Amino acid sequence: MFRLWNYLRGYVIIIVEGYFIEKFINICAKRRIQLWDCRIQKQYLATMRMSVKGFRLIRPVARKTGCKVRLLKKTGLPFVFNKYRRRRAFFAGALLFLILINFLASFIWSVEISGNKELEQSVMEEALAENGIRTGVFKYRIDTDRAVTGMMLRLEKLAWISINIKGTKVKVDIRERKNMPEIVPRDIPCDIIARKDGIIRQVIAKEGIEAVAEGDTVKKGQILISGKIPLKGGDDGSRLAHAMGTVKARTWYEAQAPVILDKAERLRTGRYITDNSLVLFSREIDLFKKKNRFQDYSVSRNVKKLSIGEDLVLPVEWITIKYIEEKIVYAYVSKEDAKREAVAQAYDKALEQVPDEADVVERIDRFIEEDGSITASVTLECIEDIGMSKRIGGN
Amino acid sequence: MAVKSSKKNRRSAAGKDDKEEIVKKGAKERFVEMLELPKELVLDRPKLTMVGNCDIMIENYKGVAEYSSDRLRINTGSGIVRIVGTGLIIREITSEDIIVSGTIHTLEFVNAG
């Protein structure tokens, strides 16, 4: 830091010749003349560095100690500037460069969206564009507060959004809303109906009449606990209540996966062709124009945006397309291995369907053989609460 | 000249009551030690900081007595500090501290008193 500061301020390198160099150094130090990098070159001769301000004060010191002081070199930024003082075009170029950088940096060159899971990128981009945020827009025109409001109104799924402009990049961070379950207010009469098919295992009604018993098979939408309570004595008169309770039922989730015996594997041969192209202001320039000549191949596309630091993205992109040659190999897999893998796949698929609040109580693995091909099927038996409130008379 | 004369004085003083100095500490020093005050400030002692054998910083020094590329003598409140080495350069010097760089072989206190 010290060195850089000295370079920025400019300093001189001097040669001091005399019998009392120590004395010269001491007096300089006492008079607060900044001095550094003092080297004895040979007897009675030393070189040292000194600030420009110090150099102006050196004459009386030199006279007092009987040393001869010679200027060897002037270094530092002020001297460099001095040297190029007359070169107008150079300064004009430097100024132009600064203006250009500033001008280019006042546009948005990339929009970064994060936090979206169910909302698709294209939907987000479209919505942002409608609110004036897209690449190529003048960044001082963007009103982030208004864009936030616009986005919240436009996309119902949004729970929270933040839009930040950093350099030439817009950072959009969102959180998605979970769909709210319909809650029937306490004072409104309702039934409890089945959310899905299942076999009833337990019904506990806190309020209302149990409409099903243990062991009953219920269909989705069927009334489990009725809010219609018949009046005592009366034939068809009834009182409407807000039914409450839990209805546990057995449910099944099933998934299948094929057992693959001759598995095609794609092996990379190690040969590839890379095609580079340059994108300037969203116009693609293919630099080398290499054609793909492989039969079986996969393509990997790598886009690199040129940026200064992380946030100052420049309108220059470098795209590398890699064609990787592949060989398809049919590997023989033993029946056991293939079956095991298929079962594992089916199990994973089935487990994905099981809701969080359900407990898996049993797992049944089966293999279905059908015209030569085998399919693994995994059924998961669960116990879960299938009750859901529904207004009486409403929908 | 002032540097030389003070050096002479100290040498003669140290020669006379060498033993006494070791046994008996001055009242001021004892006082400072009791209160755990920083000695370099109160007693005008130098503070030496070395990084390996290549850098040495001496704070609170008095002056440079001798300087060549392999020998450096620095006047301090604890006598003369003699540094012997190769390629010694004074990297920085201000009125309070001095930083010496190079390969340092020995560091010696001459006429400590």
Side-chain angles (χ1 to χ4, degrees), chain A residues 1-9 11-55 57-58 60-69 72-73 75-76, chain B residues 1-8 10 40 44 46-49 51 54-77 79-105 108 110-111:
Chain A
M1 216 49 222
F2 183 70
R3 257 171 221 200
L4 188 69
W5 177 236
N6 280 330
Y7 180 78
L8 290 176
R9 280 204 317 181
Y11 59 87
V12 290
I13 303 175
I14 54 168
I15 298 178
V16 180
E17 213 176 339
Y19 293 110
F20 305 109
I21 288 171
E22 295 91 348
K23 218 169 159 185
F24 180 84
I25 293 168
N26 280 331
I27 291 170
C28 281
K30 287 276 150 9
R31 292 193 178 183
R32 300 189 182 279
I33 294 170
Q34 218 183 47
L35 203 69
W36 69 96
D37 263 4
C38 188
R39 288 161 208 262
I40 293 280
Q41 302 295 351
K42 57 183 191 225
Q43 216 178 1
Y44 308 131
L45 194 143
T47 58
M48 52 193 83
R49 282 152 207 240
M50 188 175 273
S51 63
V52 178
K53 214 173 95 192
F55 186 66
L57 304 167
I58 214 79
V61 184
R63 200 180 305 134
K64 203 170 168 185
T65 54
C67 288
K68 263 205 284 185
V69 175
L72 187 68
K73 205 181 156 200
T75 25
Chain B
M1 274 310 179
V3 174
K4 257 184 192 167
S5 65
S6 77
K7 203 170 75 184
K8 247 179 213 166
R10 215 163 262 168
E40 73 268 20
D44 198 29
K47 187 178 178 187
L48 286 79
T49 316
V51 180
C54 47
D55 281 311
I56 183 163
M57 177 161 129
I58 303 172
E59 286 166 74
N60 211 359
Y61 81 106
K62 289 210 169 106
V64 181
E66 188 194 340
Y67 175 39
S68 67
S69 64
D70 47 13
R71 219 150 79 100
L72 190 66
R73 289 195 302 156
I74 296 162
N75 230 327
T76 71
I80 288 172
V81 175
R82 187 166 70 182
I83 299 162
V84 177
T86 46
L88 296 177
I89 64 166
I90 298 175
R91 217 176 64 202
E92 232 182 279
I93 182 164
T94 65
S95 53
E96 283 93 32
D97 52 275
I98 176 167
I99 301 173
V100 177
S101 290
T103 314
I104 296 163
H105 300 319
E108 233 179 312
V110 191
N111 308 325

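Note that the structure is a prediction, hence the values are computed from the model and not measured. Just the heavy atoms: all of them, side chains too, but no hydrogens, waters or symmetry mates, feed the values below.
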Problem set entry | Contact residues of residues 39-53 of chain A (partner chain B; heavy-atom separation under 4.5 angstrom) |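 Against chain B, the residues of residues 39-53 of chain A that fall inside the cut-off (heavy atoms, under 4.5 Å) are A:R39, A:I40.
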
Find the distance between [atom1] ([X]) and [atom2] ([Y]) and round it off to the nearest 0.5 Å.
{"X": "B:L72", "Y": "B:I90", "atom1": "CG", "atom2": "CD1", "result": "5.5 Å"}
{"X": "B:I83", "Y": "B:E108", "atom1": "CD1", "atom2": "CD", "result": "11.0 Å"}
{"X": "A:C67", "Y": "A:I14", "atom1": "SG", "atom2": "CD1", "result": "9.5 Å"}
{"X": "B:I80", "Y": "B:T76", "atom1": "CD1", "atom2": "OG1", "result": "8.5 Å"}

Exercise. Does one side chain, of B:S101 or B:D55, offer a donor that lies under 3.5 Å from an acceptor on the other?
Worked result: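 Their side chains do contain a donor-acceptor pair, which is all the 3.5 Å distance test asks for.
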
Problem set entry | Region of B:T94 in contact with chain A, defined by heavy-atom distances below 4.5 Å |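 Contact with chain A involves the backbone of B:T94 alone.
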
For this session: Using modelled atom types only, decide if a donor and an acceptor are shared between the side chain of B:N75 and the backbone of B:V64 within a distance under 3.5 Å.
Result: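 Between the backbone of B:V64 and the side chain of B:N75 there is no qualifying donor-acceptor contact (under 3.5 Å).
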
